[in-house]
Every structure is written in C-alpha cells, then in structure tokens.
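Encoded as structure tokens, the structure appears first; notes follow it.
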Number of protein chains: 2
Amino acid sequence: MKTDAILSNLKEGGYRMTRVRRAVVAALSGSAVPLSALDLKTLLSEAAMRVNKTTVYREIAFLMDRGVIHEIQFGDGKMRYRVCPEAHHHHAICVRCSRVEEITMENDMKKHERAIARRRGFKVLSHTLEFFGLCNSCNGK
Amino acid sequence: MKTDAILSNLKEGGYRMTRVRRAVVAALSGSAVPLSALDLKTLLSEAAMRVNKTTVYREIAFLMDRGVIHEIQFGDGKMRYRVCPEAHHHHAICVRCSRVEEITMENDMKKHERAIARRRGFKVLSHTLEFFGLCNSCNGK
DNA sequence: CACCAAACGCAACCGGATTGCATTATGAAG
DNA sequence: CTTCATAATGCAATCCGGTTGCGTTTGGTG
Ligand SMILES: [Mn+2]
Ligand SMILES: [Mn+2]
Ligand SMILES: [Zn+2]
Ligand SMILES: [Zn+2]
C-alpha cells in the first residue's frame, strides 16, 4: 500500500493529518478505478465516517495542488481522481466496468508533438489521450 | 461558406427551416473556434435575435443527432461544438486564442489501438486525443 | 386558409461543484 | 497539560451548465 508513503510525505511537508485526509488518500490509493467526489463521500460513509461533501471537494483540491492525485475525464460530466503515477501516461477505460489501465506511449506522442510543431508551427504544451473500449474480462460478453 | 450546403441538406431531409436553425448553422460554420451553447446564444443575441437557451440546446441536439456538428471537450466543463469535418480527427487547441486546428493521424492511432488489443486484450472502441499549446500566431508572444 | 407536427419559450428543476462564514480540531510552542 | 494560531470542517446558500414538462407558436403541406 502506498497510502503510508503518501501520508508521511505530506506530514514531512508540514501538513496536518486529519481523519478525512487519511481516509481519502487510503480510498484513492486502494482503488482500482478512479473515484469521483461522490464516490469518495460514499466510500467514507460506508466506513462509518461522517463527512461533508464540501470537505471532500476541498481535500481533493488540496491533494491536486500538491500533485498527489490527478483528474481524469470520463466524459460524463464528473471528474474522477486517482493517485498520480510516476510518469505521464494515458488510460484505457472500460466502458462496461470502468476499470482503468495505464497506457504508456510517450515516445510516440513526443514524436507527434514534434511533427505538429514542425508542420504547422503549433507549439504543443500538453495533450490528453484516452481510449474507451472493453477490457479483457468484459470483452467476451 | 458551407452554411448553405448544410441547410439545403437538412431541407432535403424534410426538416423545417427556422430562424434559429439558420442562425445556429451559420454561426457554427462561420466560426474559427468551437462554440459553447452560451457562446451561440450570445452570438445570436448580438445579431438582434432573441432566443431561449433551451432552444439553443435543442438545436444543438438536433444537429448532433443528424451528424451535422460534433462536440469537443476543452476540459473546462463546457461542451463546444463545431461543424463536422469529413473524417475522424483530433485537435490542436491554442490555450491563448482558442483557435483550433484539425489534426489527422488515424493511421497511427489505429496502429496504437491494435497494439493495445494485442498486448492487453483491451478492445478499443473509440478514443479522444487533444493537443493544447500555442498556435503559430500566438507563439512569438 | 386549415391543419398538424416540429419548433419554441418559459419556469422549474437537476447534479456537480463552489463560496462565505461560523465552528472545530491539529500540532507546535510554552 | 494548557495555550494559541491557523488549517480543516460543517452547513447553507449559491453557481452554472444542462435538462424537462408543458402550453403556445410557427413552418410547410394540402
Ligand atoms: Mn493516470
Ligand atoms: Mn473537429
Ligand atoms: Zn471491463
Ligand atoms: Zn493562438
């Protein structure tokens, strides 16, 4: 579990350790799928922890600001969050079970970015790339 | 101007020609940047046309259903719309002036999709890819 | 012109997210 | 252990993009 590593990092940074902070970090680092704010609130409630939704949003903002988590758009109007990975990468999102696999292809993307800069003078600063489809276990149904 | 072509296509399809329809199609096909629903409403209002926001949303839905326009996510919580291009493609979005360039790279993306299917059994159904950066004219500032 | 479905306006509503403000709790200092 | 500053929290109101139900208007055809 990387929960402890994240929390001790934050502690070293001089930030307070609160119930909600511990619970949100644990929930996110223990989840295979990205979680929305409401997902988080529900999870905490199920763990008998009473939390206000505003607090959840503020904790998300806090963790985003410190680069602990990042957000993903599924395109349904809700932001989802998950603990930041080591390097920039993309996602293959299962439209059936919402499981997310990480896709690394930075060499290719860098190549494309250079091509765009060369051919049209457009200086690429960032990009988003998500694949939607059926994961291995959802495929055969 | 492709406005007329779109409108006569719709007419042939047996759809009514209304003030709002004409204005929305004209606004979208005449804009270099994708427009949000509110953008459209504002533009029409400036042209001394009084429109209800619900009507704008319904006209957008109508044009989407007929494949006349498609939506783009800038990632700021608002959908943007623009007239459909010929083929599937991607965008290079200027973060300074919001101008959008179309990027075609389907051969490469198809290759990536096949690789993902081969390597992890994930069947890709669709993908989103957007580049953010500085366009040619915004680059030097 | 008469007629009907498509289009429209309006008001209420929805859900995700944000804000202002008063209250509580963390953690460090004494 | 107590004090204290401030970070974190709860709550209610609010925002904002978008949707819905419903009654009215309008486009286009006969
Ligand atoms: Mn990720
Ligand atoms: Mn496009
Ligand atoms: Zn799946
Ligand atoms: Zn620009």
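Proteins come first, then strands; the chains are lettered A, B, ... in the order of their sequence lines, and each starts at number 1.
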**OP:** Using whole Å, report how far CD of Glu59(A) lies from C1' of dT18(C).
**Re:** 16 Å
Subject >> Arg66(B)-Tyr15(B) side chain donor-acceptor pair, cut-off 3.5 Å >> reply: yes
**OP:** Could you check how far CG of Leu7(A) sits from P of dG27(C), rounded to whole Å?
**Re:** 11 Å
Original post:
Shortest non-hydrogen contact from Phe132(B) to Val95(B)?
Top reply: CB-CG1, 3.9 Å
Original post:
For DNA chain C, what residues of residues 31-38 of chain B have any heavy atom nearer than 4.0 Å?
Top reply: none
Subject >> Rounded distance in Å - CG (Asp39(B)) to P (dG18(D)) >> reply: 10 Å
**OP:** Provide the closest heavy-atom pair for Arg99(A) versus Ser137(A) in the form atom of the first, atom of the second, distance.
**Re:** NH2-OG, 3.3 Å
Original post:
Any donor-acceptor pair under 3.5 Å joining the side chain of Thr54(B) to the base of dT20(D)?
Top reply: yes
Original post:
Does a nitrogen or oxygen in the side chain of Thr55(A) sit under 4.0 Å from OP1 or OP2 of dG10(D)?
Top reply: yes
Original post:
Would you say the side chain of Lys78(A) and the base of dG15(C) hold a donor-acceptor pair, judged only by whether the two atoms sit under 3.5 Å apart?
Top reply: no
Original post:
Nearest-Å distance, CD (Gln73(A)) to P (dG16(C))?
Top reply: 15 Å
Original post:
Closest approach of Ile72(B) and Pro34(B), non-hydrogen atoms and distance?
Top reply: CD1-CG, 3.6 Å
Original post:
Atom CG of Asn52(B) to atom C1' of dA7(C): distance rounded to whole Å?
Top reply: 12 Å
Original post:
Going by atom types alone, do Ser98(B) and Arg80(B) pair a side-chain donor with an acceptor below 3.5 Å?
Top reply: no
**OP:** Could you tell me whether Arg119(B) and Glu101(A) make a salt bridge, using a distance below 4.0 angstrom between a side-chain N and a carboxylate O?
**Re:** no
**OP:** Give the intermediate values and the outcome of ring pair (Phe, Tyr, Trp, His ring centres under 6.0 Å) for residues His70(B) and His88(B).
**Re:** CA-CA 10 Å; His70(B) 70 132; His88(B) 175 81; 8.9 Å; no
**OP:** Search all heavy atoms of Thr3(A) against all heavy atoms of Ser29(A) and return the closest pair with its distance.
**Re:** OG1-OG, 2.6 Å
Original post:
In whole Å, what is the span from the NZ atom of Lys41(B) to the C1' atom of dT19(D)?
Top reply: 16 Å
Original post:
Shortest non-hydrogen contact from Arg19(B) to Arg50(B)?
Top reply: NH2-O, 3.5 Å
**OP:** Return no unless some side-chain N or O of Tyr57(B) is found under 4.0 Å from OP1 or OP2 of dG18(D).
**Re:** yes
Original post:
Between Phe62(A) (CZ) and dT9(D) (C1'), how many Å, whole number?
Top reply: 14 Å
**OP:** Would you mind reading off the distance between Lys53(B) atom NZ and dC16(D) atom C1', rounded to a whole angstrom?
**Re:** 8 Å
Subject >> Strand contacts (DNA chain D) in residues 10-22 of chain B, 4.0 angstrom heavy-atom criterion >> reply: Arg16(B), Met17(B)
Original post:
With respect to the side chain of Arg58(A), which nucleotide from dC10(C), dG18(D), dG10(D) is positioned closest?
Top reply: dG10(D)
